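Quick notes on the structure that follows.
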Amino acid sequence: MAKQDERVQGEAFQGAPATPGGRPIGLKIREIGQLFLSLDPLPFRERDLDAAVEEYVVARAREQGGAWPIRILVHLPLDQAEREEAGHIADAMRNYFVYRAEAAGWQLKELFRVGRASFAIGLTVLALCVVLGAEVNSRAGEGYVGRFFDEGLIILGWVANWRPIQIFLYDWWPLTRRRRLYRRLARATIDLKPLEV
């Protein structure tokens, strides 16, 4: 977390056994409601995680890297661990990360859709610029004016292809990595560890 939120404390607990990918991601809470958005009207298993909780868990999972299994330990008081909702924490967290993985997939599909449309527009603009540049060059001759318009139009045509090239070469990688991370978090082992007062 960017700042240590007093409501939810995250730490790698020294006493927790390490997994092959590293220590478990530890969350220390005083009550179950701290894990989820309080204004979310959905049933408990479908609630969104609190933004600070998600940010912390995602950052710690990203630090672990690789494809190792992720383990999340939720430390909470004994009275909270005995509540009915406690039995649904793991499902609720997994459901949330499944949804986030699906949302990243939708963003990826939308990005590729925009990329294809941009590519079609870019190629059309490039073709028009080549034809127009050749036409201007043939009318203006081989002088500076003809070269200025011919080369300027070619540059404009290639600039029109900058966005689709960026999408297909670079922009999709972060979304793919994020989706992969959310899928790993959706498969995480989530355990509750009651804290005795």
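Source: prediction; values computed, not measured. FYI, the numbering just counts along the sequence from 1.
No more than 12 heavy-atom neighbours from other residues, nucleotides or ligands sit within 6.0 angstrom of CZ on Phe149.
Residues Val58 and Ile190 share a single hydrophobic cluster, defined by chaining ILVMFWY side chains whose heavy atoms lie under 4.5 Å apart.
The closest side-chain heavy-atom distance from Leu35 to Ile29 is below 4.5 Å. Residues Leu181 and Arg62 are in side-chain contact: their nearest non-hydrogen atoms beyond the backbone lie under 4.5 Å apart. The shortest distance between side-chain heavy atoms of Leu49 and Tyr96 falls below 4.5 Å. Counting only heavy atoms from C-beta outward, the side chains of Leu73 and Ile25 never approach each other to under 4.5 Å. Val74 is not listed as a side-chain neighbour of Lys193, based on a closest heavy-atom distance of 4.5 Å or more.
Asp191 CG to Ile72 CD1: the interatomic distance, rounded to the nearest 0.5 Å, is 9.5 Å. Arg100 CZ to Asn95 CG: the interatomic distance, rounded to the nearest 0.5 Å, is 14.5 Å. Separating the CZ atom in Arg177 from the CZ atom in Arg180 is a distance of 8.0 Å, to the nearest 0.5 Å. Interatomic distance, Lys28 NZ to Leu76 CG, rounded to the nearest 0.5 Å: 11.5 Å. Note that CD of Glu54 and CG of Leu37 are 9.5 Å apart. Values are rounded to the nearest 0.5 Å. Atom-to-atom distance recorded for Ile89:CD1 and Leu27:CG is 10.0 Å, nearest 0.5 angstrom.
The backbone N or O of Arg23 lies less than 3.5 Å from a partner atom in the side chain of Gln64, making a donor-acceptor pair.
Clustering of Ile, Leu, Val, Met, Phe, Trp and Tyr by side-chain heavy atoms under 4.5 Å joins Leu128 with none of the others.
Applying the side-chain hydrogen bond (donor to acceptor under 3.5 Å, both in side chains) test to Gln80 and every residue at least two apart in sequence or in another chain returns Arg83. Remark: Glu102 pairs with no residue by the side-chain hydrogen bond (donor to acceptor under 3.5 Å, both in side chains) rule, at least two apart or across chains. Considering only residues two or more places apart in sequence or on other chains, Arg163 meets the side-chain contact (heavy atoms from CB on, under 4.5 Å) condition with Leu111, Ser118, Gln166, Ile167, Asp171. Checked against side-chain hydrogen bond (donor to acceptor under 3.5 Å, both in side chains), Glu31 has no partners two or more places apart in sequence or in another chain.
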Side-chain donor-acceptor pairs under 3.5 Å in residues 119-126, sequence neighbours left out?
from   : atom 1 : to     : atom 2 : distance (Å)
Thr124 : OG1    : Ala120 : O      : 2.8

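Side-chain atoms of Tyr56 and Arg60 form a donor-acceptor pair, as typed in the model, at a separation below 3.5 Å.
In this structure, Tyr99 and Trp106 have perpendicular ring planes: the angle between them is above 60°, well past the 30° mark.
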Review point. After noting the C-alpha distance and the side-chain angles of Leu108 and Arg179, does the key distance pass the side-chain contact (heavy atoms from CB on, under 4.5 Å) rule?
Key: CA-CA 9 Å; Leu108 192 61; Arg179 182 177 63 176; 3.7 Å; yes

